[in-house]
Engineer: 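To start, I am sharing the structure in question, which I have written as structure tokens.
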Amino acid sequence: MKRLCIYPKEVAIIIGKSQTTAQTLVRTIKDVYEKEKHQALTIREFCDYMGLDYKEVFNMVNGIKTTNDKKSA
């Protein structure tokens with residue numbers, strides 16, 4: 001089963017910042033979407049807020065390898 005939620009540790013890796021900064025960002029995004037403390041942040045919400053490609057982040061979080069590398073003839 002594929003995960004639909006994203007956590008601060010993964011956010012930190014994606015944005016290249018500290019985990020503390022990522023936790024603050026997650027809280028900010030959850031505030032924007034009016035989520036309660038116990039509600040998880042979805043990958044879609046994170047991508048929409050940050051302007052990132054959903055499919056790329058979804059694959060990264062779920063460990064799905066993509067074959068975007070095109071070989072030249």
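As the structure is a computational prediction, the values presented were derived from the model and not from experiment.
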Engineer: What I'd like to find out is whether the side chain of Phe46 reaches to under 4.5 Å of the side chain of Ile14, using heavy atoms alone.
Structural biologist: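 Result yes, sub-4.5 Å side-chain heavy-atom pair found.
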
Engineer: In Å and rounded to the nearest 0.5 Å, what is the OH to CD1 distance from Tyr7 to Ile43?
Structural biologist: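 Interatomic distance, Tyr7 OH to Ile43 CD1, rounded to 0.5 Å: 9.5 Å.
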
Engineer: Determine the minimum heavy-atom distance between Thr42 and Ile6, stating which atoms define it.
Structural biologist: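 What the structure gives for the nearest pair is O-CG2, 4.0 Å.
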
Engineer: Nearest 0.5 Å please: distance from the CG atom of Leu4 over to the CZ atom of Arg44.
Structural biologist: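 Leu4 CG to Arg44 CZ: 10.0 Å, rounded to 0.5 Å.
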
Engineer: Using side chain to side chain contact (heavy atoms under 4.5 Å, CB included) as the criterion, list what pairs up with Glu36, not counting sequence neighbours.
Structural biologist: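 With sequence neighbours excluded, Glu36 shows a side chain to side chain contact (heavy atoms under 4.5 Å, CB included) to His38, Gln39, given in chain and number order.
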
Engineer: Give me each pair satisfying salt bridge (Lys or Arg N to Asp or Glu O under 4.0 Å) with a member in residues 20-30, each pair once, sequence neighbours excluded.
Structural biologist: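 Not a single pair qualifies under salt bridge (Lys or Arg N to Asp or Glu O under 4.0 Å).
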
Engineer: Can you name the closest pair of heavy atoms from Tyr49 and Tyr33 and give their distance?
Structural biologist: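 Closest approach of Tyr49 to Tyr33: N-OH, 4.1 Å.
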
Engineer: Only pairs at least two apart or in different chains count here, so list each salt bridge (Lys or Arg N to Asp or Glu O under 4.0 Å) that has a residue in residues 45-54.
Structural biologist: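 Pairs touching residues 45-54 that pass the test: Lys35-Glu45.
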
Engineer: Could you work out, with side chain to side chain contact (heavy atoms under 4.5 Å, CB included) as the rule, every residue matching Lys17, not counting sequence neighbours?
Structural biologist: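 Expected list: Ile15, Thr21.
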
Engineer: Rounded to the nearest 0.5 Å, what's the gap from CD on Glu10 to SG on Cys5? Could you check?
Structural biologist: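 Taking CD in Glu10 and SG in Cys5, the distance rounds to 10.0 Å.
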
Engineer: State, to 0.1 Å, how close Ala12 and Ala22 come at their nearest heavy-atom pair, and which atoms those are.
Structural biologist: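 The pair with the smallest heavy-atom distance is N-CB, 3.5 Å.
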
Engineer: Would you indicate whether the side-chain heavy atoms of Gln19 and Val11 approach each other to under 4.5 Å?
Structural biologist: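 No, side chains not in contact.
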
Engineer: Please tabulate, one pair per line, all N/O donor-acceptor pairs under 3.5 Å involving side-chain atoms of residues 54-63, not counting sequence neighbours.
Structural biologist:
residue	atom	partner	partner atom	Å
Asn59	ND2	Lys55	O	3.3
Asn62	OD1	Arg3	N	2.7
Asn62	ND2	Arg3	O	3.1
Asn62	ND2	Phe58	O	3.0

